Amino acid sequence: MRSRRSLFESTCRIGAFAVLGWLLGASVIPSHAVRVERATNDDLAARLSAWTRETRSTLFHVDVGVAAPDARESAWLAALRRSGRRVSWSGAPLALAVAAEPLVNPEGGVRIDLAAPRGTAIALRDSVSAIDSLRVADLGGTVATPLAVGVVRAIAAGETASVVVPAPTVVKAVVVVGAASWEGKFVASALEEDGWPVDARFTVAPRIDVTSGGGAPALDTGRVAAVIAIDSTIDAYGPALERFVRMGGGLVLAGPAGMSRTVASLAPGMLGERTHPTVLPTDTIRLGSTGFYPVARLRDDGVVLERRPAGIAAAARRVGAGRVLEIGFDDSWRWRMAGAPGSEAAHRAWWSRVVAAVAYAPASIVRSSAASSAPLADLARALGPARTLAEAGPAGTGDPRIAITIIMILLLAEWASRRLRGRR
Amino acid sequence: MSVFSRLRLVRVLLGAGVALRAALWGAVAAASLLVGGIVVDQASALTPHTRATLLVVAAITAIATAASLAWRDRGVASLERVALWVEEQHPALEYVLITALERGAEPAPRIPSADAWTATALRRVARAIAGPAAAIVTASAILLALPAGAVARIRAPHPGDALERPRREANASRLTPLVARVAPPAYVKRADTTVDEPSDIRALVGSTVTLRGRGTSNGLVAVVGADTLHASSRGDEWSIVMTLGTKAATLRLVDHGDQRLVGLEPVLDQAPSVTLSTPAHDSVLRKPAGRIALAAEANDDYGIAQASFEYIVSSGEGETFTYKSGTLGAVMPRAVHATLSATLSLDALRLKPGDIVHVRAVARDANDATGPGVGTSETRTIRIARVDEYDSVAVDAAAPSDADKGAISERMLITLVEALLKKQSVLQRDGFINESRAIAADQKKLRRQVGDVVFTRLGGSPSGEEQSGDDTPQHAKNMQELLARADSATNRTEDPIDFGGGESPVIAVNKPLLEAYNAMWDAGTALDVGEPATALPHMRRALAAIERARQAERLYLRGQPPAVVIDIAKVRLEGKDKGASSVRRARTASDSTLRALDTRFMRIVALAARAPAAAADSLLVLRIDALDLNAPFAGALGEAAAAIRAGRGTDATSALARARRTLVGVPVARDSLGRWGVLP
Amino acid sequence: MSEFVFATAQYESGDWDSAPLVPANIIDTIARYTEIAVAPTGVVVRLDEERMLRYPLLYMTGHLPVRWSDAERRNVRRFVDRGGMLFIDDHNHDIDGTFHKTATEEITRTVGPLAELPNDHPLYSAFFKFDGPPTTSHELNGWGDNLVHKHLLAVQRNGRIAVLYSNKDYSSEWNYHPDNKRFQSVDNTRFAVNIVVYALTA
């Protein structure tokens, strides 16, 4: 009868050979339990249909290279994953994202925000042609284009992010309030010429006004997008103005209007003393070259929009749901009238942007399954982080190093047992 | 006939045969090319340029073929080669002929069979030309068999011969081919032009445009705006005649369900440009006498019908003025360039002091369609000084009269000083000082005149300096003070934007005079002490200042300007009446038409992918509508339409992108994300 | 904020300063009836200098022919395109006079053709209510062309008056020292308020 030790030694030997045989078998005979299907960006679209018919034990791996699959392919892979298949991906696509929002402007237009690593060169195009290009200085960039058609694509380093052009917003009225003056007249004119509906009220004498549109309508975000105060006559609105702003309305304080007591709690800062003109009597006039009221004491939540050597020329602040913009320029009309060629159009466009910066205009964002606005993020959300195939390899195959270690231990135990009982 | 003579005859016959064969093969090659061209043209119309090129290529091919064949057979020129050929044809000669020829043996050997050589040569020639002759006959037969119009299109290609192509299908569109003949207005005297398959007709306003096509005119109309033009028939052709208006329009040819668009782009006849070269500047004359030469040039794009000088004489002052006008030096050049010259006689106009003559040149073109276009030059004024302006400073006219020569002027005083300095070496010291003091006295008189002018203008006494009897520099200071007071009354120098910059008229006129006054003072002082060399720079400075004042004289200052300063605080809201609130009209969007173009452009871009032909037509219509509003946009649209029609996708995309940028402007890009979404 | 500065246009060819007291009188009237911030004196600006663009309302008058130079024409065109209003008054009050003929020719050439301004135009109700252009004593006395003009003329751009042209001879009517206004039962310069208010608000 064999001793227990002999039985142990035989068991170790058999075990070592069994593990060795399993290793040999696993390396020679392919496993039927786990199949690996690999694809690259180039052939992914063609293979997705076939993958859908594969057994549940198949591992799908996509090597995306430098560009994430498009929205349709990512969605398909996500669906495969949700159906219980194992799906993994590897590669190093650029972290790129694009968003589009309609400009609040009667002429329409779209603001396109881009996010990408510093230094990335991005080309923008829509369904018709190229729009513009830029190199990111810090995290991202913005392009405002008067016209975009179909789908906007941001292309950088082989990666493409797409977004559907949103529908234009419905523009509401702008109220211009001030004493009869060139500034008030030309602000209202510029906005009207640019297509804004303007309700103006210009005070000429005590209780005598010149009005257009509604003249002095009740401030309601359902009808009014923004109020432009040219001077202290804005005081006539009293607390209604603050209610309007907190409801989401926009307020532009032009020049000395920022000193008005009604807007003291709304203004982004306190105005300082008017700067001296930097223009010679015979010079062509530029915006602000005839002097402006600098924002001297900015609130903590104020945002500087334009800074000049003489001080802050424009600052903004959010108040409740609304926005307030304080601009120091009180005679922008001189720029329009006596500026360089094209200053009339520039004045018009500038005032339009001023209003757009604060105007109340709720916009609906269009989402399309055909466009991926952030391909890398979408891919990671759908399939998890990137993994190599080895990391994502078939379960059960085991690590061969473990098997070899087991073999070594078994053989060492068998050898030690034999030596300890005096056998060679 | 000797053997050698016979041999030479054979050479002539063979040579003629070679030449004839080369020419025939050349003709065959050319005819083949032309026949091929005609066949291709019938299948797909070739442009007149291509067809003209084909003719040239055919001619070159013919010459090249003939030349190459002639070169190949150039051996026929050699008597030895001909002799060998004869030996080959008549082996019985056994090289007698060639041997005799090489030896040059005389007398020539007698060869009985020599008479037969000519016949042999003729037979060879006949065989050689038989092939090309047959080919040329065949080609001629083909050419004769082709429709007459088809051959004519190749023989004499010209714009408009699209209609000469034979019709291939009985029910083919009547709108293709289409030929437009443009006859410019008669006044431009230019030849008609013809355009095949026009998509856009650009011609002078008033041009007569005739559109022609094949087939009857039944039911075929052209629609231009609200007008409908019916076609008329002549033979197997229809035609529509119209006159090009001033506005760009799209002409829509409608043949039942079929239609075709043609853009009509009028070119305006520019008005003449006129330049008045003489007199070169405005003048103030002391005496209304003398003659002033007038000269001008006029240019026009098509021709000037009439050009002349126009003058208006204004007389009077205050509230009472009378006028008379007339023309001078009229010419009818009937050319694109005209030179005018005339003489304005001031005596004949019987001018009085204070009168002003306005002169300009005027040219009219021959445009009888939308004109005439009138071009005018700058206007020059010639003013006759009033008596109270006789200060010698305002009397330096462009055309000096004799009377001026007697007046004492700063320029004359300078001349006197220069003459005195020249003869200084021959004069005694006393004499030199006396002459210098004499000039100083004149300088003093002139300075007083200048002083009077300034005082008069600023409201002082014309003889302020004389009344005081004090001839010290203090007066200059007084004048400066007066000047400063007048200036401060009319200007607010603390406001550099509204009241700064550009001197007020008070300063503009009087400041140079004050400078002249002071310079004259310095000059007079130097002259008084017998130092004319020191005085001379001051005198020149005074003269320069007077010149500047003379320019400022154009300001028409009539004495003291009003210095009324309103006390705003005092009168504020003191009015007896009260106004009322009012309503202002809102302005319409200035670029609403451009915005409409924008919308249409977007729709067309969307259409381009689905229906390129329709998009190209729509772009053409949009282009015509945009011509007056945004010419660069219209230009880009034209390129895009052409590219879409030609199937050049990349070019079309590029042109559309350019059109879009032209229409709506360039995007604004920022390389970072700001804390505020939209920045002013 | 900038105050309103009354500006008189100075041009090369004529007697632009034929009504020197009109600016002061209008300034006085503006202050008298309105709260508009107005400068106590006016300015004179040359039409051939770009500085004229700093004054969106320009007053121009005279008796003599109006022949604008190229520079004047170019500036007037820019002035109007940018929203300025040019008020021209025929100091001759004579439609057969040279000022009228030449000025209207220049306006047509530079800005566009003049047309009658309807008497219900907002200009006539901008501050005081008028049924049309107020008559002047020069018209009623039969001076000039011996006509009482029922309309002013204007070139309009985008619904606003770009050039206002008058044959009424307001230059004579308003050419007196403002202090003398106290002797008048009815202030004859009230229409000037409408012109200024219209220019400042339209």
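The sequence lines fix the lettering, A, B, ..., with proteins before strands; numbering per chain opens at 1. Computed from a prediction, not measured in an experiment: that's the story for all the values here.
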Checked A:Thr142, A:Thr145, A:Leu134 vs chain B; the most non-hydrogen pairs under 4.5 Å come from A:Thr142
Q. So does A:Arg307 have more than 12 non-hydrogen atoms from other groups sitting under 6.0 Å from CZ?
A. no
Turns out that what part of A:Ala148 lies under 4.5 Å from chain B's heavy atoms comes down to backbone
Query raised in the report: If you count the non-hydrogen atoms of other residues, nucleotides and ligands that lie under 6.0 Å from CZ in B:Arg658, is the total more than 12?
Result: yes
Under 4.5 Å to a heavy atom of chain A? For B:Val583 that would be both
Most heavy-atom pairs under 4.5 Å with chain B, out of A:Ala349, A:Ala316, A:Ser352, A:Pro206, belong to A:Ala316
The interface call for B:Leu663 against chain A, heavy-atom contacts under 4.5 Å, is neither
Note: vs chain A, highest number of non-hydrogen pairs under 4.5 angstrom among B:Ala669, B:Ser582, B:Ser654, B:Ala580 is B:Ser582
B:Arg661 side chain vs A:Ile131 backbone, donor-acceptor pair below 3.5 Å: yes
- Message: A side-chain contact here means heavy atoms from C-beta on lying under 4.5 Å apart; do A:Ile208 and B:Lys578 qualify?
- Response: yes
Distance col, row B:Leu673:CG vs A:Leu114:CG, nearest 0.5 angstrom, shows 7.5 Å
Of all heavy-atom pairs linking A:Phe202 and B:Arg584, the shortest is CE1-CD, 4.0 Å
| query | So does B:Arg603 have more than 12 non-hydrogen atoms from other groups sitting under 6.0 Å from CZ? | reply | no
Honestly, the part of A:Asp126 sitting under 4.5 Å from a heavy atom of chain B is side chain
So, the part of A:Arg111 with a heavy atom under 4.5 Å from chain B: the answer is side chain
Turns out that what part of B:Ala586 lies under 4.5 Å from chain A's heavy atoms comes down to both
If one checks every heavy atom of A:Arg318 against chain B at 4.5 Å, the contacting part turns out to be both
The interface call for A:Leu103 against chain B, heavy-atom contacts under 4.5 Å, is side chain
Interface check, chain B: of A:Gly150, A:Ala137, A:Ala115, most non-hydrogen pairs under 4.5 Å belong to A:Ala137
If one checks every heavy atom of A:Pro106 against chain B at 4.5 Å, the contacting part turns out to be both
Bottom line for A:Val210: the part with an atom under 4.5 Å from chain B's heavy atoms is both
